[in-house]
Student: 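Before I ask anything, here is the structure I am working with.
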Amino acid sequence: MSKRTGVFVCHCGKNIAATVDVKKVARELAKDDGVVFCEDYVYMCSDPGQGAVIDAIKENDLDGMVISCCSPTLHEKTFRDASELGGLSGFRCEIANIREQCSWVHKDPDEATDKAIKISRAAVRRVQRNEPLDPIGVPVTRRALVVGGGIAGIQTALDLADAGLDVILVEKQSTIGGNMLKLSETFPTLDCSQCILSPKMVAVSKNPRIRLLTESEVESVSGFVGNFRVRIKKKAQYVDPELCKLCDDCSQVCPVAVPNEYDEGLTNRRAIFIPFAQAIPASFTLDEAACLGLKPVVCGKCEEVCEAGAIDFDKRPTVFEEEVGAIVVATGYDLYGMDKLGEYGAGRYADVLDGLQFERLCSASGATEGHILRPSDHKVPKEIVFIQCSGSRDPENHCAWCSKICCMYTAKHATLYKHHVPDGQAYVFYIDIRSGGKGYEEFVQRSMEKDGVIYLRGRVSRVYEQGGKLRVLGVDTLSGRNVEIAADMVVLAQAMEPSKGTAEIAKTLKIGLGKDGFLAEAHPKLKPVESVTAGIYLAGAAQGPKDIPETVAQASAAASKVIALLSKEELHHSPTVAKVRDPYCTGCAMCVDACPYEAIGLVGGKAAVNEVLCQGCGSCVGVCVRAAIDVKNVSQLQIHEMISAVLAA
Amino acid sequence: MVNVDALRGYAADLLEKGQVRAVIGYRRGTAGVLAQPCTIDEAGEAETLVWDPTCLNNLARYLVEDRQQQAAAQTRNKTPDGRPVAIVAKGCDSRAVAVLLQENYLKREDVVIIGVSCEGSGVIDPRKLAARPEGRWASRVDFAGADAFKVTVGGDETLIPARDLLADRCLECRAAAPALNDVLFGEVVTERGLDEPFRAVKAAQGATEDARWATWEHHFDRCLRCFACRAVCPMCYCPECVVDSTTFVNTPGTTAEEKATRIRWCERSASVSESALYHLTRAIHLAGRCIDCGECERVCPVNIPLRLLNTKLEMEAFEQFQYEAGRDFGQASLLSSFRDEDPNSFIR
Ligand SMILES: Cc1cc2nc3c(=O)[nH]c(=O)nc-3n(C[C@H](O)[C@H](O)[C@H](O)COP(=O)(O)OP(=O)(O)OC[C@H]3O[C@@H](n4cnc5c(N)ncnc54)[C@H](O)[C@@H]3O)c2cc1C
Ligand code: SF4
Ligand code: SF4
Ligand code: SF4
């Protein structure tokens, strides 16, 4: 038991000191049993603050330390490191959170001060029974998994491979590239999307360190930072990419036609097809759901014509396990469903399109070979209306968030339209223009000035068809007038939402989701690429709406985090793990079921904890009615003492 | 109808063939009308077994005692007889056995369950019987179909409506036959026109918070902390009760430091606060485990309505999570399992 405890009370500038009388807290704590040193200081986390901790330990021969300051998620590590520098085990240093749990949530200074004293006192009682534990060292698997092969996943995989790490890149579609592969030109420089993306895709396929698994998904993950075990399921590979010569004989004979999802449904494709000429792996692929031949051979035409013998209907899905040290999740986005915007005629009229469909119209590899034509009658639209914020910024009915990129891609669409149809007129309905970014504002201005795009500030109330035209009813709030435009085509800048399956992958990986359904970062400012689970990182639009430059930057940031993590010989695992009190355990196995990390098993009829797997979360402690399991340094005795300290008069 | 002779024959046969070490069942009591628990280990004794509406006790408790004795024998370096024990079990007893199996306290092969049906009725509440003029002198109570009991007083037999004598828990019982059994005597009657499940607790909840607290304060004030409720409960088998320092476990490995730093969550004095803590802790530790045999309430010498505390939690478990303790010993336990469709949207 610690007998010489030191206490520091932080002002956090005015964050704590404005509500809590920090001097009084320090005075009161100094009277506590076993407290031999107590001081307040304006910024404990500053260099002089940390220096004071180190000095106090040395000068007073402290064997325990409490810092009353902000949340331990912020600075527990800071002060534990400082304690170590002072020669005191970091696990003898505890944080009393008097900011988030006290000064920020209370107004009355007297009550807040009283509560701060109690919180600090409880921490003193706890630390006095802390064991000076040593971290548990675990070896690291120097290999990474990247989930999602959009530009985010591609960039991460390339950076990791470049640093000499082996990478497994898992993509659920039959080609990598993600949404970027569908884009025509990209703002703000209007370079061709596929031209800048395909070299990177090829680089992935050529890199010996990258193992690309398309048509694959992660089924389950166990383990922990540095040592994850993942189960990956790969769909049956009916066409062998090694043998496929891209001759296209197979799709010529296939009798099936289904909407081509890679062309946003604007064209049809066969059951055996290649998503894009640039697809990686460069191979035809067979769509199990659409194919007739899979069931006891009904069709089998493609197999007959394939001279390379690349097609094999007997292939089965494979499931395999891999070990990796870190995981990057880059599962991207989908556009908000058109079916939810009936008021704009979405889903009802063929010439009401979403942004990605318009990209396909502009793209040389799309249905119209880059000519902007109406899907309904293949005529050139002379008047076109773009509606921004379609589904975004509408907490009542649709998504609450701003999708961030639609202002920019709408300006791009209007510009591209003018390049294709110089005598046409483009209108844009907007709420306001958000064009923060290098060269972005200039790009939008150019579309207005050079390309004569008419921007109308206001919402559209309705779109309906009349006499072969789409009548768009809206208001121009700047002039205060109602406007009605007889348009040939309407393009909705649909909100971006997390891609389908994001919630499932988050559950599989045990990482969090934000309120909006995008993957949650560990800290919005200081840990933007870390997930809440150690060793799992986030990249790209899966974490929130983003354009390509931002996606690539985040992807490289995630890669650098992984490189730093996997550059260590051995990781240090916190020793504050669960410990079974054998005589009390009856072997009911409730803790075994409750442990989210599969860290407990029954050995000889008693619970036994795998210290390397245990994260010290305390779920087991919560379910054990026999109090037969404790987490080290948060033992029931310590909790009892903390409660007693708080309840004492 | 349960054929009691067949039941006796079955028990005798098990013992005769040496398939079980003992049979736990009921025999005629020596004081008053109630049957009493018994353990028989010779085939000849099977003749004494009975089954009628006075077989109140939850016999699963004796399986707990048995396992503790077996474990104690083992530490004394004896090799205990490894054969299973047979138990006569009505619906609630079998649910208790199911929870013990679910919690790995027993192994399925260690117990033979001789199921007996409550004939669509249940067991009596002796207090309700005693409150009737004829009840005091009753010498026998028998099942008479689902709706009545046949009470014998002197040489006379009277039929009393089942509803008037049934134990409260039997009025609310949803499974008056042992679902878990190795053999079943009597029919499974599923249609029972008695009270709805949780009727008593729902009625008690109608009172205001202040009134409810006043009631419980009154009860906790009367509690003697004799721990009869804990002693009779088949689920209260922890080696050490977290609220009672008299049960602290000492093993050769227990250090002086451990002894000195033992936590007393609850003081031994029988004051309102300490008794409240005892009862509330016990109720919470029984959540998803209490099979509503009503034994705690029956044995309480000062008539504290303990069923209300436990059934309140079972009601929450049922209504929120469709969970019934003892329904199936393979089910994931209430507190340690999580399903996506569980209510509590704050868990993500
Ligand atoms: C109409 C439109 C125009 C745009 N124009 C521009 C522009 O001009 N300039 C610009 O900078 N940005 C533009 N963008 C934004 C750009 O598309 C995104 O920034 C970029 O695609 C994000 O890349 P990503 O890799 O994060 O996501 P995605 O491209 O969505 O890639 C995600 C990948 O992960 C895969 N995946 C998903 N779930 C799983 C899973 N469970 N397992 C395995 N794989 C999975 C998907 O199949 C997909 O391949 C535009 C967007 C839209 C909608
Ligand atoms: S929950 Fe408690 S009693 Fe049950 S196995 Fe785990 S530690 Fe042992
Ligand atoms: S504290 Fe318990 S539940 Fe949590 S990880 Fe460790 S063993 Fe599992
Ligand atoms: S409730 Fe009744 S049986 Fe239980 S301890 Fe109190 S007095 Fe004893």
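We name chains A, B, ... by the order of the sequence lines, and we start the count at 1 in each one. Below, all heavy atoms of this structure are taken into account, side chains as well, without hydrogens, waters or symmetry copies.
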Student: Measuring heavy-atom distances to chain A, does B/Val249 have an atom under 4.5 Å in its side chain, in its backbone, in both, or in neither?
Tutor: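 Both backbone and side chain.
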
Student: Heavy-atom cut-off 4.5 Å, strictly under: side chain, backbone, both or neither for B/Glu257 against chain A?
Tutor: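 Answer is side chain: those atoms of B/Glu257 sit under 4.5 Å from chain A.
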
Student: Given a strict heavy-atom distance threshold of 4.5 Å, which part of B/Thr251 is in contact with chain A: side chain, backbone, both, or neither?
Tutor: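 Only the side chain of B/Thr251 comes within 4.5 Å of chain A.
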
Student: Going by the rule side chain to side chain donor-acceptor pair (under 3.5 Å), which residues pair with A/Gln543 if we only count those two or more places apart in sequence or in a different chain?
Tutor: A/Glu521, A/Lys546, A/Gln554

Student: Would you name the heavy atoms of B/Cys92 and B/Ile291 that are closest together and state the gap between them?
Tutor: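 B/Cys92 and B/Ile291 have their closest heavy atoms at O-CD1, 3.5 Å.
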
Student: Checking side-chain polar atoms at under 3.5 Å, does A/Thr586 have a donor or acceptor matched by the opposite partner on A/Arg626?
Tutor: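 Side-chain D/A pair, A/Thr586 to A/Arg626: present.
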
Student: With a 4.5 angstrom heavy-atom cut-off, could you sort out which part of B/Arg264 is near chain A: side chain, backbone, both or neither?
Tutor: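 B/Arg264 touches chain A through backbone heavy atoms alone.
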
Student: Establish, from distance only, whether the side-chain atoms of A/Asn610 and A/Glu598 form a donor-acceptor pair under 3.5 Å.
Tutor: no

